[in-house]
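To keep things clear, I will list the structure first and then write my remarks on it.
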Amino acid sequence: MTATEHAFGSGPAGTPPLLEVSEVTLRFGGVTALSSVSFDVREGELFAIIGPNGAGKTSIFNCLNAVYRPQEGHIRLDGVDLVGKRPSTTAHMGVARTFQNLALFKNLDVIDNLMLGRHHIMRTGFLKGMLWVGWAKREEIRNRVRCDEIAETLGLTPYRRVPVGILPYGVQKRIEIGRALAMEPRLLLLDEPVAGMNLDETEDMARAICQINGELGVAMILVEHDMHLVMDIADRVLALDFGVPIALGPVDEIRDDPRVIEAYLGQASTPGPGAAS
Amino acid sequence: MVLAGVGVVLLAILVFLAFDGPQKFFTLFAAGIALGAVYALVCLGFVVIYRATGIVNFAQVGMVVFGAFVTYNAVYTWGWNFWLSMLFSAAVLAVIGIGFERFALRRMTGKPIFSIILLTIGLYLLLQSLIGAIWTNAKDTIPNPWIGKTVSLGSVNILQVDVVTMVLGAAVLASFFALFRYTKVGLGMRATAIDQEAALAQGISVPGIVALSWAIAGAVAVIAGTMLGSGATPKVGLGLGISAVALQALPAMVIGGLDSPIGAVIGGLVIGVAYEMAVGYQTQYIPSLGTSGFADVLPYLLMVLVLLIRPSGLFGTRDVQRV
Amino acid sequence: MASTLAPPPAADATDPPNRSVLEARARREIRLFPTPSYWVGAAVLLALYLVLPLVLSDLWANVLVLAGITAIGGLGLNLLTGYAGQASLGTAAFVGIGAFTASYLGRATDVNNGLGQPFVVYLIAAILVGAAVGFLVGLPALRLRGSYLVIVTLGFLFVTTYVLTQWKTVSNGNLGAPMPVGVQIGSIDFTSFDVFGMRDTPLGRNQGLFYLVWIFVAITALLVKNIVRSRPGRALQAVRDRDVAAEIVGVSLFRYKVGAFVVSSAIGAMAGVFYGLYIQYLTPNQQSIGLTLSVQFLAVIIVGGIGTVYGTVVGAVIIGGLPTIINEFSNHIPYLTASTVSAFQGIVFALLLVVTLLLEPWGFAGAVRRFKTRKLRRTMVPGSAGSTGATTG
Amino acid sequence: MNQKSVAKLVGLAVVAALFVVACGGGDKTASNAAKNTTTTKSSNAGKAPKTGPGFDGTTIKLGVITPQSGAIGKIVADDIGTPMTSGNQVYWDSVNANGGVAGKYKVSLETADSQYDATVGLQAYDKIKNDVAAMQQVLGTQVLQAMQPKLKTDQISAGPATLDAEWTNDPNLFPIATSYQLLSINGIDYYIHNGGSKTKNICVLAQDDAYGEAGVQGANYEAQKAGFTLKTVQRYATLTDKTAQIQALKDNSCDAVLFVATLADTKAAIQTAIQLNYTARWIALSPAWLPSFVASSESDASFKTYLEQNMWVSSTGVDWNSPVPGYVQMRAAIAKYAPTQQPDPYFAYGFQQARAMDQILEVAVKNGDLSRAGILNAINGVGTLKFDGALPDFFYGTSVATRKQPTPATIFSIVAGVPQGLKTLSANYTSAAAKTFKPAG
């Protein structure tokens with residue numbers, strides 16, 4: 001895996017990390033979803049978060065997206081605290097995300113979904129949009145071309161004008177990645193990108209992830225059940241169990257960590273390729 | 001906390017007004033409770049449907065008016081006994097309710113919420129127009145056993161028809177309580193209200209529960225409509241004034257919490273009393289608010305106040321936001 | 001599915017996406033009239049616009065003026081409800097606000113303390129007032145969803161009639177106020193339109209208003225269309241389909257939910273100005289600017305098509321014309337007497353609403369789109385037969 | 001379709017449009033009306049009257065815009081619109097039987113449904129305006145207000161079917177009866193001089209709308225002229241609970257209540273008064289009254305008794321069985337053309353309204369001009385509208401400036417069993433204040 005080497009190379013120790021999560025605690029009523037979670041993600045790194053169901057993986061993403069507001073701790077992106085910001089602000093700051101259960105705008109076509117990824121890059125507001133001619137039109141064409149390029153890369157061109165709601169699941173997954181790419185993110189959050197995929201699809205997706213990480217240099221956080229995938233492509237891994245961080249380190253260390261093995265053996269399903277989420 | 005503060009302030013205002021002129025105060029208070037009982041009955045119908053489907057059912061307004069006219073038809077045209085007529089009307093409206101659910105609302109599952117609400121508005125208008133086509137020459141009141149009769153409570157006179165309304169309101173609330181608490185169907189209804197999918201997974205027949213809810217809503221609508229048509233406060237009599245009153249009950253439902261029967265009753269009483277107090281004292285104490293009309297918007301202002309403090313109403317279940 | 005991500009360039013048999021090709025395609029796709037048939041349609045509409053007032057009877061001119069006014073307000077409501085997914089029963093309130101702003105500014109100085117301003121001034125003022133009030137109404141929408149929002153906007157409707165009634169300077173209270181009489185833009189008087197001296201007598205008020213109102217329908221439709229085909233329109237639809245996901249891709253809910261209210265209310269108030277010109281005397285009560293009127297607007301967008309621009313206009317013509325058609329043919333409909341005509345109109349109206357929602361939830365435009373999508377799916381997406389239809393959702 | 005053929009089509013469409021512009025369609029009546037005005041002056045008596053829309057030389061067609069259906073319209077129609085239109089019709093039936101206006105021009109009515117809604121009313125107007133020479137009846141204040149500017153443009157005269165004083169100031173309208181303000185003034189004044197006094201507590205309970213304003217305006221004027229102050233003015237929104245207002249009347253010990261209501265609220269107000277054990281002299285303006293309140297068998301007994309004991313109605317006209325020639329004629333016409341018609345104040349109003357129209361048309365015939373403009377001019381030539389005792393005569397003079405509203409009101413008490421449930425206490429009662437009252441411009 002070349003991506004692994006590449007990622008290690010791009011994050012020299014000593015430079016400040018892109019993302020710094022420190023001592024984040026999140027509670028819902030009496031339930032503690034995350035307890036003192038700390039980690040950092042370096043520029044260009046492919047970081048993975050693993051853990052059994054209910055470990056709090058998606059909760060971390062929701063904190064990074066400012067959907068949830070942790071009661072304690074800080075989340076700094078380039079030194080700016082994300083806690084208390086609006087979710088839309090995180091997009092402007094360079095955080096993009098794909099969702100476990102897909103969150104596409106299903107009445108809109110593929111291109112419009114990709115264009116929404118470029119929402120925070122574009123500037124046309126109500127007034128400029130109303131007038132259309134000139135600025136708004138030029139911006140629209142410019143960004144549409146960019147989205148077409150992304151669609152082409154992801155093999156979405158045949159479906160360009162089809163409302164995404166009627167497209168097959170695998171295509172929708174790719175559209176979601178495309179939308180995240182269209183956002184030109186600095187940090188990409190991938191929530192179980194291969195869930196429900198067969199072996200071939202999983203391999204395709206893995207290749208895509210490595211390519212985005214490697215060629216575009218986008219830092220990533222990958223939440224995944226598929227341990228093989230994680231072990232294959234991630235640089236470093238954080239293991240969570242019921243909201244509590246149990247291990248953090250390079251892939252090799254985590255693989256052999258007894259606590260991680262225990263947490264995973266504790267649940268019925270054995271992690272492996274193609275495991276359904 | 002804030003809510004308690006608002007409550008204390010409102011209560012203090014009531015106490016002040018009570019000492020200001022007891023006779024007037026208690027007369028208005030009694031009228032407010034009577035009005036509140038009508039609102040409560042209308043709201044209970046709204047609540048049943050909201051619990052089952054998660055929408056505010058404007059068709060309820062139409063069912064209230066339509067129910068009144070069906071009762072009228074049985075009492076006046078066919079000369080039936082009042083209670084028998086009401087029972088008959090309840091059966092008719094229960095069937096209409098089930099019909100609405102079966103042939104209209106059920107097909108809307110998964111559609112945007114405003115489409116569903118609009119559908120219920122369409123059904124409301126349909127019932128209202130049908131009234132205009134069917135009963136072209138109706139009298140202004142449903143003949144009833146309590147016309148012109150009052151009971152005295154100290155120095156306050158209350159219409160007998162209002163007393164009956166209050167008793168019926170209390171009875172409906174009590175039967176709701178008993179139904180939800182002690183019957184298997186009620187348990188199913190509670191489960192459905194909390195989570196339809198989970199209820200389905202537990203083997204509860206959700207479509208059956210929803211249909212039953214519509215039947216109950218239809219029957220409750222008949223009680224509200226019949227009492228309004230029989231001259232219960234606000235004495236609009238038999239006519240389209242009933243739908244205006246039924247619409248006025250919407251803020252009461254929000255104040256109580258869209259899914260809470262007890263909330264519906266308390267919301268109704270709060271709105272009823274607030275309305276009468278506003279009419280009775282506003283021109284005297286705050287004449288700058290105009291000669292009338294403030295009382296009509298006060299329920300909505302109270303509603304916004306409650307929503308600001310508790311977005312799910314006084315007794316409603318909190319809505320969990322999902323990504 | 002075959003290879004997903006860009007395979008090595010050498011392995012790609014087809015040409016790599018060429019920037020200029022893509023740009024040309026983008027230009028073609030975002031055109032207002034992408035195919036010649038659209039141009040034909042536009043030309044036919046233009047011809048109709050020019051000819052209709054000359055041949056229409058006063059009654060039908062009246063009906064079409066009112067339909068045009070409903071179309072304008074409906075376009076605003078469709079932006080809010082159809083595109084942004086915020087259901088509102090408050091449209092009639094903005095019609096009232098627009099009408100009374102126009103009345104106060106536009107009626108003569110000797111009539112109930114009017115300010116005697118010209119058309120352009122009171123039109124712009126009404127739009128601005130509508131936008132400002134729309135901003136205030138939009139704020140609660142940030143916290144309220146679905147049923148709650150519907151009830152709050154209904155409350156807003158009641159509060160508006162109350163405030164207008166109490167604000168006697170503007171509305172003349174219970175007595176109601178005359179609306180501005182004349183509509184002059186430059187030297188053209190729309191209430192007595194003389195078609196550049198080509199007729200021996202000027203056209204009537206209804207016909208003049210037809211020319212005025214429908215040009216504004218066209219302008220409003222164009223502006224709304226521009227919004228929905230550019231960045232803000234996509235953002236609104238994203239908010240409608242999945243508001244949290246929209247926020248995560250960078251759409252500010254505050255800006256777009258409130259923005260939708262602002263724009264839609266401004267358009268509603270503009271419709272109100274024309275409603276005032278049409279009705280000429282307005283009393284601020286539930287009968288003239290109440291729930292019935294609001295429901296009328298909602299019916300227009302449902303029947304015409306939620307989330308489409310041209311559908312709204314079609315819906316306005318259908319909803320506006322239907323009662324008169326029924327009335328005109330009431331003699332030929334058995335069992336219909338003078339006293340049951342309106343009940344019959346009401347039943348037809350309600351059934352139209354209910355049946356549309358049940359059978360074609362995206363209205364007239366939905367039926368057209370369904371037809372197109374079926375074609376599209378057949379050619380574009382083989383093997384997705386089991387998926388749901390594009391028009392449901 | 002290629003670009004060329006598209007361009008061709010567009011061109012054709014535009015050419016077609018211009019062609020039609022030149023040939024002209026549209027509002028022919030406006031041009032007719034304009035032409036008619038110019039020739040009116042040169043007309044002379046004796047010749048066949050000038051024709052116009054609604055008059056083809058033999059038959060005069062008059063419009064009636066009244067609610068016939070609709071949510072509120074149906075109620076208004078049943079209680080007011082239908083009997084009033086029937087009054088119009090019966091009058092013209094009897095005139096037509098004698099040959100028609102001036103013995104030769106028959107009159108027919110064309111009715112359009114306003115549904116008691118201004119928007120629908122405007123469409124009803126546009127529907128029939130080209131067919132009619134004048135509007136016999138327009139019912140509903142909001143409907144008429146929306147129509148006023150159009151009446152002016154189209155030079156159509158209209159008979160208002162409400163009693164607002166302001167109608168007197170519109171040259172296109174021909175009101176026939178004492179206004180609400182004067183009914184209030186006279187009603188209160190009658191009370192002061194008959195059983196009450198200035199020192200009694202006199203109050204007002206009024207609907208909070210334009211009609212209510214008119215009643216309150218009259219009450220204030222009477223109070224100022226007679227030298228007392230109104231104890232309290234209570235207002236209510238129609239179809240809402242009136243407990244608070246009645247309680248306020250009771251708390252203020254009101255001895256007399258001027259009741260400015262419509263029949264939709266009368267029952268609720270009185271029932272509330274009964275409930276609260278409140279008794280006073282109620283002086284109701286005519287729109288609050290409906291004969292069926294005491295006529296129908298199923299009405300509530302305490303309600304009937306309360307009305308009989310405590311309510312007066314300030315209205316116009318006389319007892320149904322009065323021997324005045326105007327009523328003799330009306331009863332004869334009913335016997336002949338509408339034998340099932342029950343005694344009804346709105347029927348009587350409609351009958352007299354048609355009588356007023358008749359007088360105006362007679363003048364128009366005499367002027368030799370039955371065009372719209374001619375009829376409009378005829379209003380100013382009628383001098384005084386005479387009703388043979390059915391209503392007080394109405395002095396019109398030569399323009400709106402010279403019109404003098406009739407001042408008398410008739411005060412009725414309520415008696416179950418007599419026609420309309422009304423028994424005259426004082427016919428054509430005029431107070432001192434009524435003589436000086438001027439409606440606001």
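Below, chains carry the letters A, B, ... as their sequence lines are ordered, and counting in each starts from 1.
- Counting heavy-atom pairs closer than 4.5 Å to chain B, the top-ranked of the candidates C:Thr340, C:Val348, C:Ile347 is C:Ile347.
- Interface check for chain B: of the options C:Val355, C:Leu149, C:Leu298, the most heavy-atom pairs under 4.5 Å are formed by C:Leu298.
- Top candidate by heavy-atom pairs under 4.5 Å with chain B, chosen from C:Ala87, C:Ser342, C:Gly155, is C:Gly155.
- Looking at B:Ser292, the atoms closer than 4.5 Å to chain C (heavy atoms on both sides) all sit in the backbone: N, CA, C or O.
- Considering every non-hydrogen atom in both C:Ala343 and B:Gly132, the closest pair reads CB-C, 3.7 Å.
- When heavy atoms are compared at a cutoff of 4.5 Å, C:Phe349 approaches chain B solely by way of its side chain, counted from C-beta outward.
- Looking at C:Val354, the atoms closer than 4.5 Å to chain B (heavy atoms on both sides) sit in the backbone and in the side chain alike.
- Of the residues considered (B:Ile121, B:Leu301, B:Leu289, B:Leu130), B:Leu289 shows the highest number of contacts with chain C, using heavy-atom pairs under 4.5 Å.
- Among B:Ser288, B:Ala104, B:Ala244, the residue making the largest number of heavy-atom pairs under 4.5 Å with chain C is B:Ala104.
- Interface summary for chain C: among B:Ile55, B:Ile117, B:Leu118, the most heavy-atom pairs under 4.5 angstrom belong to B:Leu118.
- For the options C:Leu144, C:Thr337, C:Thr81, heavy-atom pairs under 4.5 Å to chain B are most numerous at C:Thr81.
- Shown are C:Ile151, C:Leu154, C:Val150; of these, the side-chain contact (heavy atoms from CB on, under 4.5 Å) with B:Val56 is made only by C:Ile151.
- Among all heavy-atom pairs drawn from B:Met108 and C:Leu357, the shortest one is SD-O, 3.6 Å.
- Ranked by heavy-atom pairs under 4.5 Å with chain C, the list B:Ile113, B:Asp296, B:Val254, B:Leu258 is led by B:Leu258.
- How far OH of B:Tyr124 is from CG of C:Leu353: 13.0 Å, rounded to the nearest 0.5 Å.
- Residue C:Leu352: no heavy atom, backbone or side chain, is found under 4.5 Å from chain B.
- Heavy-atom distances place both the backbone and the side chain of B:Phe294 under 4.5 Å from chain C.
- Looking at C:Leu291, only its side chain comes within 4.5 Å of chain B, counting heavy atoms on both sides.
- Across every non-hydrogen atom of B:Gly54 and C:Ser147, the tightest pair is O-OG, 4.0 Å.
- Using a 4.5 Å cut-off between heavy atoms, C:Phe344 does not touch chain B at all.
- The two atoms that bring B:Gly122 and C:Ala350 nearest to each other are O-CB, 3.5 Å, heavy atoms only.
- B:Thr136 touches chain C through its side chain: at least one heavy atom from C-beta onward sits under 4.5 Å away, while N, CA, C and O do not.
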